K.L.:
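One structure follows; several queries about it will come next.
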Amino acid sequence: MDKIIRKIDGYSLELSRKLILGGQLVAFPTETVYGLGANAFIDEAIMNIYSAKKRPLDNPLIVHVHKDYDISDLVYDNEIAKIIRKNFTPGPITLVYKAKTAVSNLVSCGLDTLAIRVPSSEEAQKFLSYVDLPIAAPSANISKHTSPVTAEHVYEDFGENIPLILDGGRCEGGIESTVVDVTGQVPVILRKGLITKEDIAKVVGVCEYAESTSELNARSPGTKYRHYTPKTQTAIFKQSEIVEAIKLYESFVEKGLTPYFMCDSFVCKKLENKNCLDLGSNGKEMANRLYFLLHQGEKVADLIIAIEITQIDELCLSVNNRFLKAFGS
Ligand code: TXA
Ligand code: MG
């Protein structure tokens, strides 16, 4: 583990560059979650991502670049994209453009678009600037498992199967970037995230969610798969079903097992003296804690009982999207 997880310094950056040039994988921190990076120009490197993650081959990848990288070789730019970039990048947002043919066509699984993200985290920028290449990177977890927000989470999923995990501590944002299709007249959100529809509408004038499930499946194929699931038994209840949820909790305690609730601070307060993974009391806190607590919960709990979260602000919608998927609802 010591040899694989490394603090970001001159030695680990040089090692990361050699690995990336050789088509191998390097996990790195961002402000959202850890990414599993590979050289976007090399077909075999991209195949390494799909096989290490056991990721379905029709779920396209996001290309990450440093803040001074010229993306005009990779995609066709446009005015809406420029406005969004001016306001939100570097940051937790991914834009889907019409693609040129520069990177491996395995990155976008044959779609004629390419998703690009410029992360704001200093550690991500150090890595991306040092390699100075477009880096395709999904979240650094085995497909369907909870996304990683620490270097140790990445190691728990891949062990010695990846040669290097750059350690930047715990990710602040805690859930993945907002994915926005900027190929049309109106920006369309394909995946909710830390930057909200309101935020984008404020600067562009208009922003929509991809309407129907079938439209979303066609435009962003990854969204149809199960995601974020912890490796322990789970259940989910509405706040109005709290009595049933407590009955289930107590039935586990009677069997000598260890159940935990996962809920917001408001519900937690009502569950005095019970094991509780407290998500916090606003969207920002909930995003920051969700995956971290799912990872913690799967290690200590025989059952995680999720109680639907109170929708305090717009960011709660993004958290709720992951929360419902994690609990299979
Ligand atoms: O915050 C993030 O976005 C993290 C960090 C590592 O940057 N990455 C991440 O990647 O969440 P991943 O692979 O777990 O999710 C990528 C999402 C999927 O929903 C995928 O379908 C969508 O982006 N996507 C990628 N390329 C696309 C494209 N060309 N068109 C539409 N959707 C695309
Ligand atoms: Mg993912």
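Each ligand, and each atom within it, is numbered from 1 in the order the structure gives. Computed from a predicted model, the values in this text were never measured in an experiment. In what follows, every heavy atom counts, from backbone to side chain, and hydrogens, waters and symmetry copies are set aside.
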K.L.:
Would you say Ser139 and ligand 1 have an N/O pair spaced under 3.5 Å apart?
P.N.:
yes
K.L.:
So, is the end of the Arg170 side chain (NZ or CZ) under 6.0 Å from the ring centre of Phe292 and within 45° of the ring's axis?
P.N.:
yes
K.L.:
Check step by step if ring-ring contact (aromatic ring centres under 6.0 Å, His included) holds for His153 and Tyr291.
P.N.:
CA-CA 10 Å; His153 293 162; Tyr291 294 151; 9.3 Å; no
K.L.:
Can you list the atoms of ligand 1 that are under 4.0 Å from a heavy atom of His64?
P.N.:
5 (C), 6 (C), 7 (O)
K.L.:
Does some side-chain heavy atom of Gln311 sit less than 4.5 Å from a side-chain heavy atom of Leu317?
P.N.:
yes
K.L.:
Looking only at the side chains, is there a donor atom on one of Ser139 and Glu176 sitting less than 3.5 Å from an acceptor on the other?
P.N.:
no
K.L.:
Near Gly35, which atoms of ligand 1 are under 4.0 Å from a heavy atom of that residue?
P.N.:
6 (C)
K.L.:
Under 2.8 Å from the Mg ion (ligand 2), which protein N/O/S atoms are there?
P.N.:
Ser139 OG
K.L.:
Decide yes or no for Leu25 and Leu19: does some side-chain heavy atom of the first lie under 4.5 Å from some side-chain heavy atom of the second?
P.N.:
no
K.L.:
Is there a continuous path of hydrophobic side-chain contacts, each under 4.5 Å between heavy atoms, that joins Leu277 to Ile175?
P.N.:
yes
K.L.:
Is any side-chain heavy atom of Pro138 less than 4.5 Å from a side-chain heavy atom of Asn59?
P.N.:
no
K.L.:
Indicate yes or no: does Asp157 engage Lys54 in a salt bridge with an N to O separation below 4.0 Å.
P.N.:
no
K.L.:
Using heavy atoms and a threshold below 4.0 Å, how should the contact between Asp181 and ligand 1 be classified: side chain, backbone, both, or neither?
P.N.:
neither
K.L.:
Compute the shortest N/O to N/O distance between Thr113 and ligand 1 and return yes if it is under 3.5 Å, no if not.
P.N.:
yes
K.L.:
Considering only heavy atoms of Asn59, which atoms of ligand 1 have at least one such atom less than 4.0 Å away?
P.N.:
18 (C), 20 (C), 21 (O)
K.L.:
Relative to atom 15 (O) of ligand 1, which among Arg191, Arg117, Glu176 owns the nearest non-hydrogen atom?
P.N.:
Arg191
K.L.:
Following the transitive rule for hydrophobic clusters with a side-chain heavy-atom cut-off under 4.5 Å over Ile, Leu, Val, Met, Phe, Trp and Tyr, establish whether Ile236 and Leu248 coincide in one cluster.
P.N.:
no
